[in-house]
Amino acid sequence: MNVLICFVFTAVLGQYVLQAISTQGGESLPENFIRFDSAPDTLLDGSWVRVGYQCSSTCQLAVEVAVSMLRKTELVVFRRKWTSSSSQAYRIWDVVLTLPPSISYGHDFFNRNVLEAENATVRAWLDLKDGRKASTYHSSILRTYKVLRVTALSERPNKLPTECPSWAAQLTWRMMRSRILQCLHESDVADMIAFPLASTGERFGVVRLFQPFVAGALESARLHAVTQPSAALSVWIYLLNWCHKKYCGIIHHVDRNMLYSSVLMQLTDTGNVVIQARVTTGEDEAFRASVVLPLWKWIRLDCYIQNSQVVLNATWSDKTRTYVYVFQNNIHYDDTDGYFGIGGNKYLSGIHAYFGPIKYYRLGTEEIKNELQPKATLEELDRTHQECQEIKALTQTFLQQVTESHSPSPINKGVCTPRIMSPWGQLEEETCTQTWSWETQLKYKTLFQFLKTKEEGIRTGSVAVKHFGTALFQEAVATMFSLDQITITSKSTALLQLASCFGNHKASLLLASIYFSSMGHSVNQQQGLVYSLIGASGDDRFALMHAGYKHTHGIDGFPKDLDMAYGYYSNAAAQSMTDSSRIHDQKQITPEHIYLSSPDDLSSLTHETNDDFQYLKLLAERGDLKSQRRLGMFLYWGQRGVTKDAAGAVKWFERSAMQMKDPTATYDYAILVLKGLGVKRNHTRGFQLLKKAAEMGSINALNGLGWYHGEILNNHAKAVKYFEQAAMNGSEEALFNLGVYHLNGKNPENPWTNETAAFLLFLNASDSGHVTAAVEASWYLSTGRLEGVSQDVGRAVIMLKKVCEQNGHLGFMIREALQAYLKGSWQEALVKYVMAAETGLGSAQSNAAHLCEELNLSHDCQWRYRNYSVLGPDPHPSALLKMGDHYYRSSSCTQENSLSLLGQAVSMYSRAALAGSPQVTDLLGCNLITL
């Protein structure tokens, strides 16, 4: 059962913010603890670890060693598990670290596959044996760890041989070990971006790292160029707005000390370009180019760096403007120090624009070659924006004429009658005072029809332009439904395009979905890409998730690029983090994964009129504590189909809490009182309730007391003690809060910043589902800027995708889809499930595929979403079974690749079995017999 709300700290400019986050329940007992009594400082084979622990009941314990390499984190190289049945007794256990040769010894004939570890951690964990699935470090209730020093690969001893190699093997080894390997072709020209990127103008962007050259000649030239640089950078941008602050990032370089280095290119609020560089004396210098960049045009910025000189060429409309600046000293330029960012970063807003191709010449060039690609798509993007500007201008003119005049609509007034025939049938001279030409009104027929319907509301002031996007989107969706099918007409797409133009980017996402999926419309990948980019540039959380998902898997014309996926997901995750603090809003619901193909899922739904709900209410009214709390949870979060009712929920939380029997119920109500959610805020009473809950054994209440002492009483020493006590007993919120203390240096016992310790705490908290911790930890993984923490963008993307899939607005959308399905409006349900499916949500993909099948839509629509539903790391067994069936049937219909298709079918069935599907054994048996 879920715990209502837990305290967390969010670091915002060094301050603390109290949030309400849903967590998993199951309070751990304070009697459980685990620690290292002794552990080595350096990772060595055969070293000893002494673990002290105590369990309240039979428990599972383990000691592990995890190492991180350049492209891999948390690779477990040693694990020793044991079970303790001694309860309520302090025990000591000694463990010998027996490490594999790949981590202990150097590279030689007998040890060829070595691991070059960046860092190592020895960790121990404790979990109670309660019949749950197998325990792991991240799922355990208690954990501890110690970071160990790692012996450099060059300093490791050789492994003693256990047998003699043959003469032929020794000869081959001696000949091979001294050979000069032929290096792969290495270029000093890099495509930093080869596919369009949508930038929202916020603190998010794409990270690129550059490593030293492998080729000796190139690396020698690069090192020489650190103080005598020769480099060139070419950037295509399409500005949607000038900077909304004084400066916005176009390209930036951040060194390992988190300082801006050469080169930093920014846009100002007046459309100028500022270029900053660090010179060899260590100072930063900058100049402003007097160019004013235009909006809604593709612009190419070419920056040449040569010693102390910077040349900037700005090209648009086939004309180049050149600006030259010479610094006092040579520029210091080391592109392997830190990372490059495209757009914004954690501390700098990016430009509101699209990025086209970005080409980087690491050792310079006399002539930049950087064509606008993909040209057709980017030209179509430009055409769409130009048309949108014309639509807005027409609308503005219409509004002005309607509000300034009480005469008939300017549309009727401004049309010239063909062949000078008046409405009364008389021939007259053609004297027109029309505002728009006949051709314009034909081109924008849908717009003028819509404006005509809103004319009276515009005149009276009851209709505002800011609501046009929503009204157009709703009208478009309504035109798509018929009695038994979905019909995407030209009017539907025209209305959606207008809605997108007026800022409704659900319409942009739906258009992209339609063009990609062949749902009632032929596939048009170019249009799909255009509206995907438009939606993402509009900062729509679903469109951002959509773009991140496509880049993660490299589908629908998006290249597989985890750095770009991270850029989109980091924005959507930040919005989800903010949304999570407002999850009690009516338009948000914690996502629930109900599968339409599962009768069990559908039967588990509860409604206010449902017999189960009424019985639960009856028990609650009779004073049953568990029923009161469960009823409160249903009403507060809107779970299992129940309508949200915060006021009604608070009543049941109070009744269950006031019995003072359940620590979780008391804690839940204490949070409501402290936050003033549905009840008058009262810090004193909330504090007393927290203390009572903690006395009864609530670990979350310990964390809450830590927040109260740190934020309200400003007693950080006591706050840290509460957080440490809660963290030792498995509280992910406390882990996060301790990480914040390490980050801001407010711990009186350790009054300095320790980012590495903060990162490890954030990482542990994120593994338990903590939203804000995941956002913080993923940033460190994406940049790899911490010493000992290698870049792992893949892991960062997975973490952020999980955060996004907890978004309350996404939960609200799939709740609306479910309600439409239950009411028999399957077409409406499909549209909403498809939009959720395009964000990468697995349950929505399965449901979209199910409805495509039930509504007899195209085969492509069905299998598109079936295939997507198995791409994630944890697909539903039913989706795997469906894909297995698909591959099996396909293998029997064709001789070509039949074995390959059968292999894929068996793979899907096997994955379904591992996911716990009871149907797989029979299916595999039948299919193997058939084979």
Mind checking what makes ring pair (Phe, Tyr, Trp, His ring centres under 6.0 Å) contact with His709, not counting sequence neighbours?
Phe687, Tyr722

Does Ala727 have any side-chain contact (heavy atoms from CB on, under 4.5 Å) partners at least two apart in sequence or in another chain, and if so, which?
Ala734, Leu735, Leu738

Taking the side chain as every heavy atom from C-beta outward, state whether Tyr568 and Leu197 have any pair of such atoms under 4.5 Å apart.
yes

Any pair counted as salt bridge (Lys or Arg N to Asp or Glu O under 4.0 Å), so long as it reaches residues 240-258, sequence neighbours left out
Asp255-Arg278, Arg256-Asp337

Ring pair (Phe, Tyr, Trp, His ring centres under 6.0 Å) partners for Phe195, two or more places apart
His551, Phe558

Which residues pass the side-chain contact (heavy atoms from CB on, under 4.5 Å) test with Phe759, not counting sequence neighbours?
Leu763, Ala777, Tyr780, Leu781, Leu786, Val789

When you check the side-chain N and O atoms of Ser140 and Arg123, is any donor under 3.5 Å from an acceptor?
no

Side-chain donor-acceptor pair under 3.5 Å between His546 and Ser532, yes or no?
yes

Does Ser768 reach the side chain of His770, with side-chain heavy atoms less than 4.5 Å apart?
no

Is the shortest heavy-atom distance from the side chain of Ile534 to the side chain of Tyr354 under 4.5 Å?
yes

If we count only N and O atoms by modelled type, under 3.5 Å, do the side chains of Ser576 and Asn807 hold a donor and an acceptor together?
yes

Whether Glu732 side chain and Gly769 backbone form a donor-acceptor pair below 3.5 Å
no

What residues, two or more places apart in sequence or in another chain, satisfy side chain to side chain donor-acceptor pair (under 3.5 Å) together with Lys550?
Asp556, Glu838

Residue set satisfying ring pair (Phe, Tyr, Trp, His ring centres under 6.0 Å) with His352, at least two apart, ordered chain then number -> none

Any side-chain heavy atom of Leu818 within less than 4.5 Å of one from Tyr833?
yes

List in chain and number order the residues that pass ring pair (Phe, Tyr, Trp, His ring centres under 6.0 Å) with His553, two or more places apart in sequence or in another chain; answer none if no residue qualifies.
Tyr549

Those residues that, when tested against Ser843, pass side chain to side chain donor-acceptor pair (under 3.5 Å) (two or more places apart):
His593

Quick one: list whatever passes side chain to side chain donor-acceptor pair (under 3.5 Å) with His505, sequence neighbours left out.
Ser508

Is the shortest heavy-atom distance from the side chain of Trp779 to the side chain of Ser570 under 4.5 Å?
no

Would the distance check show the side chain of Asn257 and the main-chain N or O of Leu259 forming a donor-acceptor pair, the cut-off being under 3.5 Å?
no

Do NZ/NE/NH1/NH2 and the carboxylate oxygens of Glu776 and Lys346 come within less than 4.0 Å?
yes

Check whether any side-chain heavy atom of Leu544 sits under 4.5 Å from a side-chain heavy atom of Gln575, and report yes or no.
yes

Main-chain N/O of Leu743 paired with Thr753 side-chain donor or acceptor, under 3.5 Å:
yes

Using the test side chain to side chain donor-acceptor pair (under 3.5 Å), find all partners of Arg541 that sit at least two apart in sequence or belong to another chain.
Asp579

Using side-chain heavy atoms (C-beta onward) and a distance below 4.5 Å, is Tyr669 in contact with Leu672?
yes

Where the side chain of Arg143 meets the backbone of His138, is there a donor-acceptor pair that is under 3.5 Å apart?
yes

May I ask you to check whether Tyr741 and His716 show a side-chain donor-acceptor distance below 3.5 Å?
yes

Tell me every residue that passes salt bridge (charged side-chain N to carboxylate O under 4.0 Å, His left out) with Lys721, counting only those two or more places apart in sequence or in another chain.
Glu749

Does Ala837 offer a backbone N or O that forms a donor-acceptor pair with the side chain of Asn847 under 3.5 Å?
no

